[in-house]
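Given the structure is predicted, the values throughout are model-derived calculations rather than measurements.
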Amino acid sequence: MPKSTTEQASTIVHLDEFQRWMVAVVSHFGTDEEAWNSEGATTELSHERALGNVLPSQTLTEYERIGIYRRMYFLRMRDALLIDVPSIRFALGQSLFEEVVEQYFTRYPSRSYTLNDSGLMFPTFVRESSLPNKEFLAELAELELAISRVIEAPETPPLTAEQIAAVPADAWENVCFVPIAALELHAFTYPVHDYFCAFEEKSSEDETLLAISGEPSYNYVCIHRSDYHTEHTALTEAEYELLTALTASVPLGIAFEAVQKHFGENPADAEKAQQHITSRFQEWMMSGLFAAIRT
Amino acid sequence: MLPNRWNLPDLGFGVGLRSVHYDYILENFPPVDWFEIISENYLSQGGYSFYALEKIRERYPIVTHGVSLSIGCTDPLNFTYLERLKRLADLMDTPWVSDHICWTGVNGRNTHDLLPILYSEETLKHVVERIRTIQDFLGRRVVLENVSTYVEFAASTMTEWEFIARMAEDADCGLLLDVNNVFVSAFNHGFDAKEFIDAIPADRICQYHLAGHTNKGTHIIDTHSDHVVEGVWELYRYAYSRSGGRATLLEWDEDIPPFEVVHAEALKAREYRDTIKNTTELLTEAPTGKTPQELLTKFAEEYA
């Protein structure tokens, strides 16, 4: 229905105030009425001026027409966050997850040109929130974001068997490694990797929630991509320390020396542990965690 | 075939590249004329997506189609984004760079939606300046698409089609005519879709888009989630008869079916094109002394 001349005259709006008003309304997660009357919206255009500017159609009111954009905004941001941190929904449940989506994007609206960055501030938001088990949830989100980063990291060719074989036997003590770009190591205070593995094992139809263990229990994780296939594997504390040192270009001999403290006093146990970690190191080399060796 | 004013190529009938189809395409290399990519999905140039794109690029023409240019936004242009876009466009050697006639947010906030423009002189001046700057920066023709809209504003002082025609002329940019979007907006706002198409300068159209939508009864949402409806095909035929050969692309973004289904839908466009009299014949038969625009107008009248 056309507006009257009086209504139109009162609704001459400028581009910048119109845009700020529309973003304020579209990104407000309350009812239509709350959105139009929100402080962000009315700072730009009074309810009356805004109502004068938005035209109804034959079938929809002004509120319903703007409401289409509002609903799509919520669904889009919810789905984007779900892609970034899928297991969080199983920790919170659908209803609480959707509440969290609204609170998160109100506190940290997207400022990126890509939806792929939607979850970047989520761990920070969770730590600032009053959610139960918030430290656990923040670390879980960090793990999921780390996996996404590794998936998108640049491809670097890994060491070849020939390059490894070319290192003289007496040089190994002093060699340093350059890691591939698609590699991240993480030490978590809570068992979030165990949780994430359980989440991945669920069938896509299984909507049951996964219980959170609120007790701290360190999880060490290596996330890497090889031939465009991303893996996340659990590490022992010794393995984590060794791999962290190697990716920081600490010479191999010094890095091995530093992790001896984990092998215990008993010589037989220590030898067994030494053999185990040596074998793990060889697996890492062969599975493409390193891009170059510096002798 | 009537050329567009820059002789940009008619790439034939293409499909929007989506990640669910990477493996099928790389295993089968189906006979698709070309692919369009969502630029923002590849700006980081990493991961399997970019690897798949590079492999596909070896065999098919690629056109970059963005969703974050935000040409109507009052914030300053984002040159970090534009730098990445330029790098991608150069790598893909895209014949043009396309995006939408819309804005996506303001004050640094991005709603990731294609928000509707106020069709005013103020907006027109602003948009034209930005297009010119971007074309200079990218060193490529910018081609802009009409979007589906769900609301109109009293502060608009011209129709969408008047705005688009003036914008294209003043900024000297190309147009991507999304026929489905014309259909959707015509339904939502109650205007004549053919009046819209008639007002668009045909020699500036570089590409067509086709897609499915969801009719909610009171309004239509541009969901790209289904087959193209008959009314949109008829509009496509009508528009194509005005412009002649232009690259045509099918988009499918929700409930995406197997690649063969999407490709078959795209190829329906060829059938519709074949029902149109060959435009070259019209040019050959046409009396001399007429401008291309006059010939186009005559052609449109003949096949209306």
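- Contact detail for Ala154(B) and Gly52(A): the closest heavy-atom pair is CB-O, 3.3 Å.
- Judged by distance alone, with hydrogens and angles left aside, the side-chain atoms of Asn53(A) form a donor-acceptor pair with the main-chain N or O of Ala155(B) at under 3.5 Å.
- Scored by the salt bridge (Lys or Arg N to Asp or Glu O under 4.0 Å) test, Asp93(B) finds Arg140(B) as partners (sequence neighbours excluded).
- Counting heavy atoms of neighbouring residues, nucleotides and ligands inside a 6.0 Å radius, atom NZ of Lys55(B) does not exceed 12 of them.
- Applying the side chain to side chain contact (heavy atoms under 4.5 Å, CB included) criterion to Ala181(A), with sequence neighbours excluded, gives Pro154(A), Thr156(A).
- In Glu39(A), the CD atom is not crowded: 12 or fewer heavy atoms of neighbouring residues, nucleotides or ligands sit closer than 6.0 Å.
- Around atom CD of Glu33(A), no more than 12 heavy atoms belonging to other residues, nucleotides or ligands sit under 6.0 Å away.
- Using a 4.5 Å heavy-atom cutoff, the side chains of Met22(A) and Thr111(B) are not in contact.
- Proximity of Ile66(A) to Val151(B): side-chain heavy atoms (C-beta onward) are separated by under 4.5 Å at one or more points.
- Distance NE2/His219(B) to OG/Ser57(A): 9.0 Å, rounded to 0.5 Å.
- For chain B, the nearby parts of Leu15(A) are the backbone and the side chain; heavy atoms of each come within less than 4.5 Å.
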How far apart are the C-alpha atoms of Phe18(A) and Ile117(B), what are their side-chain angles, what is the distance that settles it, and do they pass the side-chain contact (heavy atoms from CB on, under 4.5 Å) test?
CA-CA 10 Å; Phe18(A) 156 71; Ile117(B) 288 226; over 6 Å; no
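- Looking at Ile221(B), only its side chain comes within 4.5 Å of chain A, counting heavy atoms on both sides.
- Within the 4.5 angstrom heavy-atom criterion, only side-chain atoms of Ile68(A), from C-beta onward, approach chain B.
- Top candidate by heavy-atom pairs under 4.5 Å with chain B, chosen from Asp16(A), Thr114(A), Leu115(A), is Leu115(A).
- Residues from residues 99-112 of chain A that place a non-hydrogen atom less than 4.5 Å from a non-hydrogen atom of chain B comprise Pro109(A), Ser110(A), Arg111(A), Ser112(A), given in numerical order.
- To the nearest 0.5 angstrom, Asp113(B) atom CG is 13.0 Å from Arg70(A) atom CZ.
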Can I get a per-line list of side-chain donor-acceptor pairs under 3.5 Å for residues 80-87 of chain B, giving both atom names and the distance, sequence neighbours left out?
unit_1: Tyr81(B); atom_1: OH; unit_2: Glu40(B); atom_2: OE2; d: 2.5
unit_1: Arg84(B); atom_1: NH1; unit_2: Tyr113(A); atom_2: OH; d: 2.8

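- Of the two parts of Thr149(B), the backbone and the side chain both hold a non-hydrogen atom closer than 4.5 Å to a non-hydrogen atom of chain A.
- The backbone N or O of Thr74(B) lies less than 3.5 Å from a partner atom in the side chain of Gln19(A), making a donor-acceptor pair.
- Between the side chain of Arg76(A) and the backbone N or O of His112(B) there is at least one donor-acceptor pair closer than 3.5 Å.
- Interface remark: His14(A) contributes backbone and side-chain atoms alike to the contact with chain B (heavy atom separation under 4.5 Å).
- The shortest distance between side-chain heavy atoms of Tyr69(A) and Leu115(B) falls below 4.5 Å.
- Considering only heavy atoms from C-beta on, Val54(A) comes within 4.5 Å of Phe153(B) through its side chain.
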